[in-house]
Amino acid sequence: MFEKVVFPMENNNKTQAELYREERKERLAKAAAKNAKRSPKSIKASKTAKKVISIVLAVVIAFGAVAGVLNFFDVPQKAVKISIDGIKSKISLAEINYFYFQTWSQAYSTAMQYEQYGMSSGFDCTQTPDKQEYTEDHVQFAGVALEELGDIENPTWEDVFTYSAVSQLVYIKYGAEKAKEAGLKLTEDEEKEIDQQFDEIRATAKQNDYSLNRWLRLQLGYGVTEKMIKDITSDSHLAEKYYEKVTEDARNAVTDEMIKEEYAANKDNYDIVDLRVYAFSPDLGSNHTHEEGEDHEKEHEAAEAKAKANAEAFLKKVTDEKSFIAAAKADILSKDNKSTKDPDSTTLLEDKVYAQVTATYSEEVSKWAFDDARKAGDTAVVDGGNGEFYVVMMKTLPAKDTSSYSSDIRHILIQFPEKNTDGTPTSSKDEEGKTVTNITDETKKATKDKAQKILDEYLKNPTEDNFAKLAKEKTEDPGSKENGGLYEGVMNDGKYVKSFTDWSIDASRKPGDTGIVETEYGYHIMYYVKSTGTKWETAVITAISGAEIEETVANVVDDATKAIDIDSVFINWTLKRENDHIANIIVNNLGSHAGHNH
């Protein structure tokens with residue numbers, strides 16, 4: 001929940017076609033809302049629990065004092081335990097306080113970011129959660145569907161945060177319990193890391209003249225103690241170990257026969273296509289009727305008919321891919337002769353499965369593209385059913401994506417030196433403080449020659465063991481030096497430099513392949529170890545194993561969460577105090593902002 005803020009683009013200069021598209025989508029959404037009885041499934045607790053645990057300790061260290069001294073020993077919060085169906089462990093009110101507060105903190109922070117960019121999250125940062133109604137309009141932001149809250153009438157954000165807190169606790173406790181049953185334990189390094197985090201918190205508490213437990217309660221909620229947070233942190237690590245084991249076991253249990261059956265039954269989920277697509281949207285003009293009525297509908301129908309005619313005229317100009325791009329360029333410039341929009345890249349849709357084509361354009365385009373009768377080079381005007389008409393060209397037919405999902409590789413990095421061969425620096429800072437590279441061709445050649453010499457040395461004994469030995473001796477990458485230059489699971493996720501990634505996941509790559517790749521860091525002598533699976537196989541395995549995990553884990557956690565009455569007397573009682581705690585923070589923050597405004 002609340003993990004990502006999408007920053008808006010400037011929309012002051014939208015075309016009439018774009019405005020029409022938005023207006024029509026809004027009308028369709030309103031119509032769909034009237035018929036919808038259920039909202040989308042919420043984000044699973046498994047996607048949020050680990051993040052909450054990972055950030056909470058940093059929050060404690062950085063958070064300033066926000067409330068007065070509370071003369072209460074929090075006995076009920078520690079003593080009252082809530083049973084969990086199918087799980088031996090129980091949940092304390094203090095633990096609910098802790099996760100409730102963290103979930104509120106995340107929502108508060110994210111909502112503030114929304115406001116900074118002129119967006120509305122629907123969550124009011126000036127009010128406590130219990131004072132704010134939670135409706136269908138808030139589901140996209142919070143990720144919790146109304147039906148997940150059970151039979152609560154007129155739910156509030158307090159109910160949402162309570163549900164999230166309970167679901168995260170169930171997820172952690174179930175996973176930790178299963179981990180212990182399986183004999184999984186924390187490593188010494190993991191235990192040391194937890195201790196170090198608490199040493200930092202203890203130092204922060206001391207600086208503010210508080211004992212550690214008093215500081216934790218003040219920052220994280222009533223009943224929160226060092227032991228409780230340590231137990232939750234340890235259990236969170238154990239739970240992740242268990243869920244990783246479940247995932248690995250489920251994936252390993254997938255057989256070749258299962259892969260064949262799943263692929264045959266759901267090819268459109270895995271096959272990818274390449275298309276050329278150019279969209280025509282109805283242009284209503286600046287004087288169209290905004291009010292619903294006969295004139296309004298006639299204007300829409302006329303605009304849609306014109307869009308269709310324009311699409312058909314465009315299609316007549318298309319004989320091949322080159323003419324498609326030329327027609328797109330001509331249409332773009334006819335609307336804006338100063339446009340810098342690239343007609344090649346903006347009309348190309350590559351490596352997309354059925355659902356992705358639908359999400360980008362419409363399902364009608366997907367139906368056309370994935371039709372068994374389709375041939376490469378086919379063209380058509382497709383009525384998107386959403387007010388738009390698409391000129392489409394089949395570039396490649398649906399087929400398995402045989403490129404590597406990820407690869408294991410070894411490399412030896414030879415970095416560019418600090419100075420060029422002529423003595424000038426290879427990098428400098430510009431006026432804005434950004435690094436500018438000034439590497440000369442001579443320096444690049446000298447560095448590449450050094451890399452080639454090492455590659456030649458390897459080729460005298462072309463084994464993986466020899467490459468690993470040379471990497472330990474010669475690489476200038478400290479991150480992989482000790483393990484022989486090994487990087488596992490390299491994929492196209494932006495983690496690595498593009499040229500490095502492209503070489504690693506090239507579909508033609510075979511074990512033992514070598515090469516030299518240039519990046520901004522220098523030259524990499526590459527050694528291909530193996531592919532960890534093609535993209536289509538990985539997708540099929542993920543689908544099969546995911547269904548198994550859903551059955552064996554997610555359903556258990558979901559059912560146990562739903563069985564807990566989040567509207568119980570005890571939970572309401574403890575959250576009343578926690579909302580008072582939050583109210584104090586809100587008041588202090590509002591006062592701080594007012595001070596800055598003056």
Of all heavy-atom pairs linking K352 and Q356, the shortest is CA-OE1, 3.3 Å

With a 4.0 Å cut-off, would you call K367 and E364 a salt bridge? yes

Contact summary for S234 and I194, nearest pair of heavy atoms: OG-CD1, 3.8 Å

Under the ring-ring contact (aromatic ring centres under 6.0 Å, His included) criterion, do F101 and W104 qualify, and how do the steps go? CA-CA 5 Å; F101 180 77; W104 169 81; 5.7 Å; yes

How long is the gap from OG1 on T233 to CD on E190, to the nearest 0.5 Å? 12.0 Å

State whether the side chain of D159 and the backbone N or O of T156 hold a donor-acceptor pair below 3.5 Å, judged by distance alone. yes

Would you find a donor on one side and an acceptor on the other, under 3.5 Å apart, between the side chain of N266 and the backbone of N269? no

I need the L397 CG to I272 CD1 distance, nearest 0.5 Å. 12.0 Å

Could you tell me whether the side chain of T574 and the main chain of F570 form a donor-acceptor pair under 3.5 Å? no

Indicate whether the side chain of T358 and that of S366 have a donor and an acceptor atom separated by less than 3.5 Å. yes

Using a cut-off of 6.0 Å, state whether more than 12 heavy atoms not belonging to E482 lie near its atom CD. no

Examine distances only and state if a side-chain atom of R251 and a backbone atom of S545 form a donor-acceptor pair shorter than 3.5 Å. no

Is any side-chain heavy atom of E158 closer than 4.5 Å to one of L575? yes

Side-chain H-bond candidate by donor/acceptor type, E537 with Y405, under 3.5 Å: no

Below 4.5 Å, heavy atoms only, C-beta onward: do K562 and V170 meet side chain to side chain? no

Are the side chain of S504 and the backbone of S407 linked by a donor-acceptor contact shorter than 3.5 Å? no

Charged N to carboxylate O under 4.0 angstrom, R202 versus D199? yes

Step-by-step side chain to side chain contact (heavy atoms under 4.5 Å, CB included) determination, W503 to V490: CA-CA 10 Å; W503 190 95; V490 177; over 6 Å; no

Is E177 paired with K88 through a side-chain N to carboxylate O contact shorter than 4.0 Å? no

Whether the side chain of R410 engages the backbone of S480 through a donor-acceptor N/O pair (distance < 3.5 Å, no angle test) should be reported. no

Just checking, any donor-acceptor pair under 3.5 angstrom between side chains of Y354 and D271? no

Under the criterion side chain to side chain contact (heavy atoms under 4.5 Å, CB included), I'd like the reasoning laid out for I544 against E548: C-alpha separation, chi angles, the key distance, then a yes or no. CA-CA 7 Å; I544 297 171; E548 178 66 22; over 6 Å; no

Is the centre of the Y487 ring less than 6.0 Å from the centre of the Y496 ring? yes

Do V517 and V497 have side chains that get closer than 4.5 Å, going by heavy atoms? no

For atom NZ of K469, is the number of surrounding heavy atoms from other residues, nucleotides or ligands below 6.0 Å larger than 12? no

Can you confirm whether W536 sits close enough to V540 that some side-chain heavy atom of one is under 4.5 Å from a side-chain heavy atom of the other? yes

Does a side-chain N-to-carboxylate-O contact under 4.0 Å join D506 and R509? yes

Are the side chains of D195 and K230 in touch, meaning some heavy atoms are under 4.5 Å apart? yes

Is it true that E181 and K178 have a side-chain N and a carboxylate O under 4.0 angstrom from each other? yes

Taking every non-hydrogen atom, the tightest pair across M228 and A94: SD-CB, 3.7 Å

Any side-chain heavy atom of F99 within less than 4.5 Å of one from I232? yes

Residues D231, K227: salt bridge by 4.0 Å N-O rule: yes

Report yes or no: does N466 contribute a side-chain atom to a donor-acceptor pair with the main-chain N or O of T463 at less than 3.5 Å? no

Provide the closest heavy-atom pair for S164 versus S167 in the form atom of the first, atom of the second, distance. O-OG, 2.9 Å

What do you reckon, is CG of D493 surrounded by more than 12 foreign heavy atoms closer than 6.0 Å? yes

Can we call the ring centroids of H138 and W157 under 6.0 Å apart? yes

Do D274 and L349 have side-chain heavy atoms sitting under 4.5 Å apart? no

Test item: V357 and F370 side chains (from C-beta on) under 4.5 Å apart, heavy atoms: yes

Closest heavy-atom contact between H524 and T519? NE2-OG1, 2.7 Å

Any chance you could measure I525, atom CD1, to T514, atom OG1, to the nearest 0.5 Å? 9.5 Å

Verdict with supporting geometry, E95 and K173, side chain to side chain contact (heavy atoms under 4.5 Å, CB included): CA-CA 11 Å; E95 290 171 328; K173 288 180 178 289; 3.1 Å; yes

I'd like to know if the side chain of E578 pairs up with that of H581 as donor and acceptor (distance under 3.5 Å, no hydrogens or angles considered). yes

Check: S406 side chain, T532 main-chain N or O, donor-acceptor pair, under 3.5 Å: no

Working to the nearest 0.5 angstrom, can you tell me the gap between Y171 OH and Y243 OH? 5.5 Å

Is it true that K245 and D249 make a salt bridge, defined as a side-chain N closer than 4.0 Å to a carboxylate O? yes

Which distance, rounded to the nearest 0.5 Å, do you find between the CG of N252 and the CD1 of I541? 9.0 Å

Knowing that exactly one of Y134, F123, Y98 qualifies, which makes a ring pair (Phe, Tyr, Trp, His ring centres under 6.0 Å) with F161? F123

Kindly indicate, with the supporting measurements, whether the criterion side chain to side chain contact (heavy atoms under 4.5 Å, CB included) is fulfilled by N579 and I582. CA-CA 5 Å; N579 285 326; I582 290 171; 4.1 Å; yes

Output the distance between atom OG (S236) and atom NZ (K241), rounded to the nearest 0.5 Å. 11.5 Å

Show the nearest heavy-atom pair for residues I412 and I454, with the distance to one decimal. CD1-CG2, 4.0 Å

E476 atom CD: more than 12 heavy-atom contacts under 6.0 Å: yes

Pick from Y458, F500, Y523: which one makes a ring pair (Phe, Tyr, Trp, His ring centres under 6.0 Å) with H411? F500

